[in-house]
Amino acid sequence: MRLDKYLTKAGMGSRSQVKEYIRGGLVTVEGKTETDCGRHIEETACVVTCRGQTVGYQKTAYYMLNKPGGFVCATKDEKDRTVMELLADTGRDDLFPVGRLDKDTEGLLLITNDGELAHRLLSPARHVPKQYLAVLSGEPSPQQTAMLEHGVDIGEGTLTAPAVFAWKDRQRLEALLTVTEGKYHQVKRMFAAVGCRVLALRRLSMGTLLLDERLAPGAYRCLLDTEVDSLLAVTGLKEPAPGHKEEREHAAE
Ligand code: URA
C-alpha cells in the first residue's frame, strides 16, 4: 500500500495532512526519513513512524469531531448532512458516531468502529458523565438549579438522575450542566422543566474525553493513545494506567 494511504488508514490524518507530514520529513520507514508519498509499505512488515509515533494499521479507530450545527448524528440520512460526511477522508468505512447530539448541538462527538466501547459509554447503567455548555434564555434561580441537581420531571413520570450545575459565565447566561443519562433532548428538556430555554448547546466532555478546543467546528482528529486508554479504563475494558486513581475507582463500580 502507498505510504500516504497507509498513514491515512492508520488514523494519522487526512490524505492531504499526511502528505504534508511526509513531505515535511516527519515520517520514517524502517528508521529512515521518507519523503516519497508513494513509497510502498508492506502493512505487516514495515516499521513506520509519524510525528514520533509508531504507526500500525489499527483494527479499532477513534476520532474526536467538533460537531458543527446543521449536521445529524447518523451514518446515512435522506434529508440532512451527516457527521460522517465530515470524516469522509479517513479512508475507513466502518465508523459510526457514539450516541446522538441534536442537529443544532455542537461540540464533542466520538466517532469509532469500537462497538463495545460505544455500547458501554452509552449504557444507562454506567452513568458516564457528559458535560454541556448551555446558553440560556434567562437566569434560573438557586431553587431551580437545585431542582436540576436533584432531578426533574421531563415528562417521563420519573425524575432525571442527579446532575451538576455550575455557571461558566453568569453575565452571559452560560451554564454548565453535567448529566449521566442520555435521554432524547435531555439537557434542553431539563432546563425547560425549570422554565429556561436553551438557546445554544455544546458538549464539552464525555467520560474522561474532553473536547479539544483547538479543533475548529467541523474538524476532527484521532484520539491520543492516552485518551483511548482512559476511555477504555473508565468503561472497564482495560486496566487503568498506574496512578489513575479516579479511573480505577470508576471502573470498579
Ligand atoms: N441534550 C440535548 O438536549 N441535546 C443534545 O444534543 C444533547 C443533550
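Hydrogens, waters and symmetry mates play no part in the numbers below; they use all other heavy atoms, side chains included. Residues: numbered from 1 along the sequence shown. Counting convention: from 1, in listed order, for ligands and their atoms alike. What you see is a predicted model; the values in this text were computed from it and never measured.
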For this session: Examine distances only and state if a side-chain atom of Lys130 and a backbone atom of Val128 form a donor-acceptor pair shorter than 3.5 Å.
Result: yes
Problem set entry | Asp4 (side chain) donor-acceptor with Arg15 (main chain) under 3.5 angstrom | no
Between [X] and [Y], what is the shortest heavy-atom contact and its length?
X: Ser230; Y: Thr208; answer: OG-OG1, 3.0 Å
X: Val27; Y: Cys50; answer: CG2-SG, 4.0 Å
X: Gln144; Y: Val194; answer: NE2-O, 2.7 Å

Is the shortest N/O to N/O distance between [X] and ligand 1 below 3.5 Å?
X: Tyr132; value: no
X: Val187; value: yes
X: Arg100; value: no

For this session: Considering the heavy atoms of Leu201, write down every atom of ligand 1 situated less than 4.0 Å from one of them.
Result: 1 (N), 2 (C), 3 (O), 4 (N), 5 (C)
For this session: Heavy-atom contacts with Thr105 under 4.0 Å: which atoms of ligand 1 show up? List them by number with element.
Result: 4 (N), 5 (C), 6 (O)
Problem set entry | Residue, atom name and distance, where the atom is the protein heavy atom closest to atom 4 (N) of ligand 1 | Asp102 OD2, 2.7 Å
Exercise. Side chain or backbone of Val179 under 4.0 Å from ligand 1, or both, or neither, by non-hydrogen atoms?
Worked result: neither
Problem set entry | Check ion pair Asp104-Lys188 (N to O, under 4.0 angstrom) | yes
